[in-house]
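Below, chain A is the first sequence line, B the second, and so on; all start at residue 1.
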Amino acid sequence: MRRHPPELLAQLQGQILSSVGRHGKYLFLEWSGGQVLVVHLRMSGQLLAARPRDPLAPHTHAVLRFDRAGELRFVDPRTFGELFVSASPQPPPVELEDLGPDALGASPGLFRSALAGRRAPLKAVLVDQRVLAGVGNIYADEICFAARLRPDRPAGGVRPHELRRLSESARSVLEAAIAAGGSTLRDERYRDVLGEAGQYQLEHKVYGRAGEPCAKCGAPVVRVRIGAKSAYFCPRCQS
DNA sequence: ACAAATACCTGTAAGC
DNA sequence: TGCTTACAGGTATTTG
């Protein structure tokens, strides 16, 4: 767990949780004292509601205890997650000033300026949080499939009519994924705050489906490496 | 400025 | 069975 002074949660003692928010993959818990608890789950983190008597899961790194609402526990086996308190009055806090605009509100114009002149693969730009906040490995692949664009294409070569498809696909994929409660993969790492698994993994068209027939055309889905990560796409539907 | 490689951790699955 | 290796949804940092 990065950026987590030991006295982290003591700063919130006695305060009331007033609202929660989000920008990209960062979660914000805002408190009556004006501080914001910023949480990033990274690859293996979970934020789980629990009763005080529930046994502590392994790798529980922080526990928020409420007077009447039980506990909120931060569990993270790989310790990549991030937890810190910011004094910024308005989220997103100053610590996250490099974050790009949230992906849910992205417009074709934003994609145009973000991709222009870039030689990097389209997918590499989509998951760059300074460009667009909120898209990760799974959704980048699914967005590229919905937009019928190869993820390994040089980003700067995407044409205007394709930018429009990309923008529309980003919105529709992310909205559908949120509606389905997110993607809980085989490792079961993602669960919502109540411990419920998501269902969007059932709707993945290409992610994790190397060798399976494309849902649209039947051609085998392929897996390639983009940087250090896997990328999945249909070589017939996507160009 | 951009792009690519690497490091950070633990858990799990695959391969021998 | 037991061991080794590769890989996993992310991002900061280093290197080119």
Identify which nucleotide among dA8(C), dC9(B), dG10(C) has an atom closest to any side-chain atom of Tyr207(A), counting heavy atoms from C-beta outward. dA8(C)
Taking only side-chain N and O atoms of His59(A), does any of them lie within less than 4.0 angstrom of OP1 or OP2 on dG11(B)? yes
Donor-acceptor side-chain pairing of Glu95(A) and Ser86(A) below 3.5 angstrom: yes
Categorize Ser183(A) for me: base, sugar-phosphate, or nothing, with a 4.0 angstrom heavy-atom threshold over every strand shown. base
Between Arg119(A) and Pro58(A), which residue's closest nucleotide on DNA chain B lies nearer the 5′ terminus? Arg119(A)
Per atom distances to the Tyr26(A) side chain, the nearest of dA12(C), dA8(C), dC9(B) is dA12(C)
Within the 4.0 Å heavy-atom criterion, would you say Ala124(A) contacts the bases, only the backbone, or no part of the nucleic acid? nothing
Writing each nucleotide of DNA chain B 5' to 3' as (, ), [, ], | or . by Watson-Crick or G-U pairing under 3.5 Å yields .|||||||.|||||||
Could you tell me whether Arg189(A) contacts a base, only the sugar-phosphate backbone, or nothing, with contacts defined as non-hydrogen atoms closer than 4.0 Å? base
Test Thr60(A) against Phe74(A) for side-chain contact (heavy atoms from CB on, under 4.5 Å), laying out the working first. CA-CA 6 Å; Thr60(A) 299; Phe74(A) 180 74; over 6 Å; no
Does dA8(C) have its OP1 or OP2 closer than 4.0 Å to a side-chain nitrogen or oxygen of Arg223(A)? yes
Could you check whether the side chain of Lys25(A) and the base of dG10(C) have a donor-acceptor pair of N or O atoms closer than 3.5 Å, going by distance alone? no
Before giving the answer on side-chain hydrogen bond (donor to acceptor under 3.5 Å, both in side chains), spell out for Thr184(A) and Tyr200(A) the whole-Å C-alpha distance, their side-chain angles and the decisive distance to 0.1 Å. CA-CA 7 Å; Thr184(A) 299; Tyr200(A) 193 70; over 6 Å; no
Which of dC2(B), dG10(C), dT10(B) is nearest the side chain of Arg118(A)? It is dC2(B)
What's the closest nucleotide to the side chain of Phe80(A) if the choices are dG10(C), dG11(B), dT11(C)? dG10(C)
Of Arg186(A) and Pro77(A), the one whose closest DNA chain B nucleotide lies more 5': Pro77(A)
Closest to the Arg78(A) side chain, choosing from dG10(C), dA4(B), dA8(C): dA8(C)
What integer number of Å spans the P atoms of dA5(B) and dC7(C)? 15 Å
As a test of reading the structure: which of dA3(B), dA8(C), dG10(C) is closest to the side chain of Met43(A), going by heavy atoms? dG10(C)
Kindly compute the distance separating CD (Glu71(A)) from CG (Leu64(A)), expressed to the nearest 0.5 Å. 9.0 Å
If you take all heavy atoms of Tyr232(A) and Pro151(A), which pair is closest and at what distance? O-CG, 4.5 Å
Is a donor from one side chain sitting under 3.5 angstrom from an acceptor on the other, for Ser44(A) and Arg189(A)? no
